[in-house]
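The shown structure was predicted, so the numbers you read here are calculated from the model rather than taken from an experiment.
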Amino acid sequence: MKKLCYALALMGITLAFAGTASANLAVGVNDDTGKDASASTWFYSTMQSEGLKISTLTLLWDETNPTDIPGAAAVDQAIAKAKAAGITIELDLYPMHSAAFTGLSTTSTGKCAASSDPQSCGNTANIQAFAAWAGSVAKRFPSVNQFVVM
């Protein structure tokens with residue numbers, strides 16, 4: 001019962017502030033269609049006409065080629081077309097392989113052993129390489145100032 005009361009109170013507070021937040025609310029999509037040259041002719045104008053304001057494009061970091069920014073030319077074109085339509089671009093950055101930051105290989109079926117040391121199963125070199133890559137992405141696309149880093 002206590003949890004229900006807390007949930008209802010939280011919902012009430014959220015609804016109370018929703019009216020004041022709506023003036024600054026920006027809704028968008030996480031969709032790579034904008035990177036497709038044939039679709040980007042209509043994609044951003046459609047977003048604009050529907051009232052969407054942000055397009056999140058995904059860039060994948062590959063630890064086997066840690067300095068490459070795949071599809072950079074397509075992202076450049078998407079940014080230009082989005083800007084022309086008044087759409088903000090946000091970049092979603094994350095590793096291509098789910099085990100890239102662990103000490104496990106991408107083909108391994110093992111798991112990290114339980115440990116109180118948060119770095120016991122981490123690959124520090126890959127974590128640092130990803131951070132450097134994320135910084136290079138920000139420099140490569142200076143007009144983008146919103147990032148989701150996974």
Side-chain angles (χ1 to χ4, degrees), residues 6-112 118-150:
Y6 286 128
L8 290 174
L10 181 60
M11 187 170 78
I13 292 169
T14 303
L15 291 174
F17 287 108
T20 58
S22 64
N24 296 320
L25 182 65
V27 178
V29 296
N30 188 339
D31 191 329
D32 282 345
T33 301
K35 291 192 289 187
D36 179 350
S38 64
S40 64
T41 57
W42 56 266
F43 185 70
Y44 293 115
S45 60
T46 302
M47 283 185 65
Q48 181 192 43
S49 69
E50 294 299 322
L52 298 171
K53 302 196 180 300
I54 301 171
S55 177
T56 302
L57 303 175
T58 301
L59 290 175
L60 298 175
W61 175 73
D62 183 357
E63 75 276 9
T64 65
N65 192 2
T67 59
D68 184 45
I69 301 174
V75 173
D76 279 332
Q77 291 176 1
I79 290 170
K81 289 180 180 179
K83 184 177 181 178
I87 303 295
T88 298
I89 292 291
E90 176 180 81
L91 295 177
D92 186 3
L93 311 177
Y94 61 95
M96 181 181 292
H97 303 108
S98 61
F101 298 144
T102 69
L104 304 173
S105 71
T106 57
T107 58
S108 172
T109 57
K111 294 184 177 182
C112 294
Q119 296 183 8
S120 66
C121 191
N123 183 324
T124 302
N126 275 2
I127 293 168
Q128 290 172 341
F130 176 77
W133 176 80
S136 72
V137 169
K139 287 178 186 171
R140 173 67 176 79
F141 305 106
S143 65
V144 176
N145 59 24
Q146 294 181 33
F147 297 87
V148 177
V149 180
M150 306 298 233

>> Does Ile69 form a side-chain contact (heavy atoms from CB on, under 4.5 Å) with Phe141? I'd like the steps, not just the answer.
In response: CA-CA 11 Å; Ile69 301 174; Phe141 305 106; 4.0 Å; yes
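- In terms of modelled atom types and a separation under 3.5 Å, the side chain of Trp61 and the main chain of Pro66 share a donor-acceptor contact.
- The salt bridge (Lys or Arg N to Asp or Glu O under 4.0 Å) contacts involving residues 30-43 comprise Asp32-Lys35, where partners must be two or more places apart or lie in separate chains.
- Considering CG of Leu57 and CD of Glu90, their distance stands at 9.5 Å, rounded to 0.5 Å.
- For OH of Tyr94, the number of neighbouring non-hydrogen atoms (other residues, nucleotides, ligands) closer than 6.0 Å is 12 at most.
- For the atom pair Leu91 CG and Phe147 CZ, the distance stands at 5.0 Å (nearest 0.5 Å).
- Of all non-hydrogen atoms in Thr41 and Ala37, the two that sit nearest each other are CG2-O, 3.9 Å.
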Show which side-chain atoms of residues 75-87 pair as donor or acceptor with protein atoms under 3.5 Å away, not counting sequence neighbours.
residue : atom : partner : partner atom : Å
Asp76   : OD1  : Arg140  : NH1          : 3.0
Asp76   : OD2  : Arg140  : NH1          : 3.1
Asp76   : OD2  : Arg140  : NH2          : 2.5
Lys81   : NZ   : Ser40   : OG           : 3.0

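- A 4.5 Å side-chain heavy-atom check between Phe101 and Phe130 finds at least one atom pair inside the cut-off.
- Taking the side chain as every heavy atom from C-beta outward, Asn123 and Thr102 never approach each other to under 4.5 Å.
- What you find for Leu59 and Pro70 is that their closest heavy atoms are CD2-O, 3.5 Å.
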> What do the steps show when you test Gln146 against Thr88 for side-chain contact (heavy atoms from CB on, under 4.5 Å), and what is the final call?
Replying inline: CA-CA 9 Å; Gln146 294 181 33; Thr88 298; 3.6 Å; yes
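- The distance from the CD atom of Glu63 to the CE atom of Met96 is 8.0 Å, given to the nearest 0.5 Å.
- Atom OG of Ser49 and atom OH of Tyr44 lie 14.0 Å apart (nearest 0.5 Å).
- Pairs engaging residues 125-138 under the side chain to side chain donor-acceptor pair (under 3.5 Å) rule: none recorded [sequence neighbours left out].
- Between Leu93 and Met150, every side-chain heavy-atom pair lies at or beyond the 4.5 Å cut-off.
- Remark: Asn30 pairs with Thr56, Thr58, Asp92 by the side chain to side chain contact (heavy atoms under 4.5 Å, CB included) rule, at least two apart or across chains.
- Pairs passing the salt bridge (Lys or Arg N to Asp or Glu O under 4.0 Å) check and including a residue from residues 41-58, sequence neighbours excluded, do not occur.
- Residues that satisfy the side chain to side chain donor-acceptor pair (under 3.5 Å) test with Thr64, not counting sequence neighbours, are Asp62.
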